[in-house]
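The first residue in the sequence is number 1, and the count goes up from there. Predicted model only: the values in this text are computed from it and were never measured.
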Amino acid sequence: QVQLVESGGGLVQAGGSLSLSCAASGRTVSSYAMGWFRQAPGKEREFVAAINRSGSRTSYADSVKGRFTISRDNAKNTVYLQMSSLKPEDTAVYYCAASLALGLITTTTRYDYWGQGTQVTVSS
């Protein structure tokens, strides 16, 4: 089992940048494919980015491609989401998730563990 804690959220102006971190404890994060999801008020939780166990492959939602970068440092048991050129529509609670499945996981149902989320607010 793994516990996930997100940090780094906050308020930023449109066009700005934020870096989110997801610190894992318990089982080593290298045992999991990892992903970031987000949920805006009144909307379903949606896929943002995913990374495989080794960090050699990544996948992004079309809405964030070219602006967000997911990475991981297995030695530090941490996964990151670097966000740039932020837009008001990026405003949401961002969640980190861990999956025991192999490869790149883009659907919520295939993730086994979730963090508590961190709020990102982008003002126009």
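- Here the OG atom belonging to S30 is positioned 8.5 Å from the CZ atom belonging to R53, to the nearest 0.5 angstrom.
- Scanning all heavy atoms of the two residues, the minimum distance from A33 to A101 falls at CB-O, 3.7 Å.
- Cluster annotation: Y111 is not connected to V79 through the hydrophobic network of ILVMFWY side chains, with a link wherever side-chain heavy atoms come within less than 4.5 Å.
- For NZ of K43, the number of neighbouring non-hydrogen atoms (other residues, nucleotides, ligands) closer than 6.0 Å is 12 at most.
- You'll find the side chain of M83 stays beyond 4.5 Å of the side chain of V12, heavy atoms only.
- The distance from the OH atom of Y32 to the OH atom of Y113 is 4.5 Å, given to the nearest 0.5 Å.
- Linking Ile, Leu, Val, Met, Phe, Trp and Tyr residues whenever their side-chain heavy atoms come within less than 4.5 Å leaves I70 and Y80 in two separate clusters.
- Atom CZ of R67 and atom OG of S17 lie 10.5 Å apart (nearest 0.5 Å).
- Ring geometry, F47 versus F37: the interplanar angle exceeds 60°, so the pair is classed perpendicular (tilted spans 30 to 60°).
- Between the side chain of S99 and the backbone N or O of R110 there is at least one donor-acceptor pair closer than 3.5 Å.
- Within the model, atoms OG1 of T58 and CZ of R72 stand 12.0 Å from one another, a figure rounded to the nearest 0.5 Å.
- Looking at heavy atoms from C-beta onward, K87 lies out of side-chain contact with V122 at the 4.5 angstrom threshold.
- No chain of hydrophobic side-chain contacts below 4.5 Å, direct or via other Ile, Leu, Val, Met, Phe, Trp or Tyr residues, connects Y95 to W36.
- Taken to the nearest 0.5 Å, the OG1 atom of T108 stands 9.5 Å off from the CD atom of Q39.
- Between the side chain of S85 and the backbone N or O of G15, no donor-acceptor pair lies under 3.5 Å.
- Interatomic distance, OG1 of T78 versus CG of L4, reported as 10.5 Å (0.5 Å rounding).
- Taking every heavy atom of both residues into account, P88 and S124 meet most closely at CG-CB, 3.8 Å.
- Without hydrogens or angle criteria, N74 side chain to N77 main chain gives no donor-acceptor distance under 3.5 Å.
- A donor-acceptor contact shorter than 3.5 Å links the side chain of E6 to the backbone of Q116.
- Side-chain heavy atoms closer than 4.5 Å link hydrophobic residues (I, L, V, M, F, W, Y) into clusters, and following such links, even through other members, never connects V64 to L104.
- In this structure, the side chains of Q119 and T91 come closer than 4.5 Å at one or more pairs of heavy atoms.
- Between the side chain of R57 and the backbone N or O of A50, no donor-acceptor pair lies under 3.5 Å.
- A continuous path of ILVMFWY side-chain contacts below 4.5 Å connects V2 to Y94, so both sit in one hydrophobic cluster.
- Remark: of the listed residues E89, E44, E46, E46 is the sole one forming a salt bridge (Lys or Arg N to Asp or Glu O under 4.0 Å) with R38.
- Considering T118, V120, L20 in turn, L20 is the only one that fulfils the side-chain contact (heavy atoms from CB on, under 4.5 Å) rule with L81.
- Side chains of L86 and F68 form a contact here, defined as non-hydrogen atoms less than 4.5 Å apart.
- Formation of a donor-acceptor pair under 3.5 Å by the Q82 side chain with backbone atoms of T69 is not found in this model.
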